[in-house]
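Some notes on the structure that comes next.
Read the numbers this way: they start at 1 and go in the same order the structure lists the ligands and their atoms.
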Amino acid sequence: MILLDGKKVRDQRVPELRREIRELGFAPVLGIVQIGRLERSEAYVIQKIRFGELIGARIEQVRLSADVSTEDVLFEIRRLNADPAVNGVIIQLPLPQGIDRRVVIEAIDPTKDVDGLTARNLKSLLENDHQGFLPATTKGVLSLLRHYEVPIEGREVVVVGRSLLVGKSTALAFLNENATVTICHRFTRDLPEVTKRGDILVVATGSPLLITPEHVHKGQVVVDVGINVSNKESLAEEISAPKLIGDVDFVRVKDQVLAISPVPGGVGPMTVLSLFENLIEAARRHGASAR
Ligand code: NAD
C-alpha cells in the first residue's frame with residue numbers, strides 16, 4: 001500500500017513557495033475572516049497561519065463574534081477587498097446559523113478569492129478556461145495525485161459527495177483532466193457496486209467510516225477528503241478521546257487498495273498548500289497589474 005502523505009508533500013513544497021515569494025518582492029497578505037469560535041475552525045485557522053508564516057506570507061485575521069449580522073461580515077469583506085495590500089480573502093467555514101454562506105462568499109473580490117468558491121471562479125472551472133482559482137480542496141486532491149504520479153487522463157474516477165464546494169467541484173476538475181467521472185450521493189443505489197468501478201475513488205461525504213473493504217478493490221487509489229470528529233459511543237472501545245477520522249475506514253481499507261490518503265495528514269495539509277499557491281498566484285497577478 002502506498003500512503004498518499006499530504007503532510008509530507010506540503011512540507012516538501014515549503015522551499016519552493018519561499019522562493020516564489022522572494023521572487024514576488026513582497027510578502028503576500030491573506031485576510032482570514034473567522035466568525036464565532038468553533039473549536040475545529042480555530043484549529044484550521046491556526047494551521048493556515050502557521051503555514052503562511054513559514055513560507056513568508058502575512059495573515060490578517062479578522063475575528064467576528066458568532067452573533068454578527070451578514071451586513072457586518074459584508075463590511076469586513078468589502079474592507080479587505082478594497083485594501084490594495086491584501087491579495088487573498090477567505091472566510092473560514094462553517095458559518096454560524098443566520099449568516100448566508102452564498103451571500104458572504106459572493107462578496108469576495110474574485111481576484112482575491114483564493115479558496116476558489118465565488119461564482120466567477122466556479123464558472124472558470126465549469127468552462128475549464130484556466131483563468132480562475134481552483135477550489136483549494138479540489139486543487140489539493142489533484143496535486144496529491146500528481147505528486148504520486150497517479151495517472152488521471154482516461155481513468156475512471158468515482159467521487160462520493162456532490163456538495164458544490166467539494167464533491168461537485170472536484171468531479172468537474174477530474175472531468176477537465178479527461179477522466180471519466182461518476183458522482184455518487186445519498187440516493188445512489190448500491191454504493192459499493194459503483195465505488196468499485198473507480199480506478200480512483202474520492203470520498204467527500206462527512207459520513208465517518210462510510211467506505212469499507214466492500215467498496216474498494218486492490219488496484220484502487222483512494223483519496224479521503226472527509227474530516228470528522230469522532231467521539232461516538234459505538235467507537236468508544238477503539239477511540240477513547242475525540243479525534244479526527246475520515247469518511248474511509250482507513251484501518252480496514254488500507255491493505256485492500258493500491259494507495260490511500262490518511263486522515264489527518266492527507267487532503268487537509270494539501271488544501272492549506274493549495275490555498276497559499278493560489279495566494280501567491282493572486283499576488284503575482286495583482287503585482288503585475290499594479291506595474
Ligand atoms: P456536505 O454535507 O455539504 O456534502 C456531503 C455530500 O455527501 C452530499 O452531497 C451527500 O449527498 C453526500 N453523502 C453524505 N452521506 C452519504 C452517504 N452515506 N452515501 C453517499 N453520499 C453521501 O459536506 P462537504 O462540505 O462536501 O464536506 C464533506 C466532507 O469533507 C466533510 O467531512 C468535511 O469536513 C470535509 N472537508 C474537508 C476538507 C479538507 O480540506 N480536507 C475541506 C472541505 C470539507
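Against a heavy-atom cut-off of under 4.0 Å, H185 is close to the following atoms of ligand 1: 11 (O), 20 (C), 21 (N). Set against the non-hydrogen atoms of R162, the atoms of ligand 1 under 4.0 Å away are 6 (C), 8 (C), 9 (O).
Contact annotation: the side chain of Y148 approaches that of D5 to within less than 4.5 Å [non-hydrogen atoms, C-beta and beyond]. Residues R22 and R19 have side chains in contact (heavy-atom distance under 4.5 Å, counting atoms from C-beta outward). Looking at heavy atoms from C-beta onward, L165 lies in side-chain contact with R101 at the 4.5 angstrom threshold.
Of the protein's non-hydrogen atoms, R186 N, 3.3 Å is the one closest to atom 11 (O) of ligand 1. Among protein heavy atoms, atom 34 (O) of ligand 1 sits closest to I227 O, 3.2 Å. Shortest contact from atom 26 (O) of ligand 1 to any protein heavy atom: S163 OG, 2.5 Å. Ranking the protein heavy atoms by distance from atom 36 (N) of ligand 1 puts V225 O, 3.7 Å first. Here the heavy atom of the protein found nearest to atom 27 (O) of ligand 1 is V166 CG2, 4.2 Å.
Only the side chain of L210 comes within 4.0 Å of ligand 1, counting heavy atoms alone; its backbone N, CA, C and O stay farther away. When heavy-atom distances to ligand 1 are checked against a 4.0 Å cut-off, T271 comes that close only through its side chain, counted from C-beta outward. If you look at N228 next to ligand 1, the close heavy atoms, those under 4.0 Å, all belong to the side chain. Residue-level proximity to ligand 1 for T137 is carried by the side chain, the only part with a heavy atom below 4.0 angstrom. Counting heavy atoms closer than 4.0 Å to ligand 1, residue R40 contributes side-chain atoms (C-beta onward) but none from N, CA, C or O.
Judged by distance alone, the side chains of S69 and D72 do bring a donor and an acceptor atom under 3.5 Å apart. A donor atom on one side chain and an acceptor atom on the other are not found under 3.5 Å apart for T70 and D100. Side-chain contact annotation: Q220 with Q256, donor-acceptor N/O pair under 3.5 Å absent.
Nearest to atom 13 (N) of ligand 1 by heavy-atom distance, out of D115, T205, I211, is T205. The nearest non-hydrogen atom to atom 15 (N) of ligand 1, considering only G6, G268, S207, G226, comes from S207. When G266, G246, G206, P264 are checked for heavy-atom proximity to atom 31 (C) of ligand 1, G206 turns out nearest. Nearest-heavy-atom check against atom 6 (C) of ligand 1 across S169, C184, G161, P269 picks out G161.
Paired with Y44 under the rule side-chain hydrogen bond (donor to acceptor under 3.5 Å, both in side chains), one option of R40, E42, Q47 passes, and it is R40.
Nearest heavy-atom pair, L244 versus P264, reported as atom, atom and distance to 0.1 Å: O-CD, 4.0 Å.
Annotation: the span from E60 atom CD to N87 atom CG amounts to 11.5 Å, rounded to 0.5 Å. Here CD1 of I183 is found 9.5 Å from OG1 of T188. Values are rounded to the nearest 0.5 Å.
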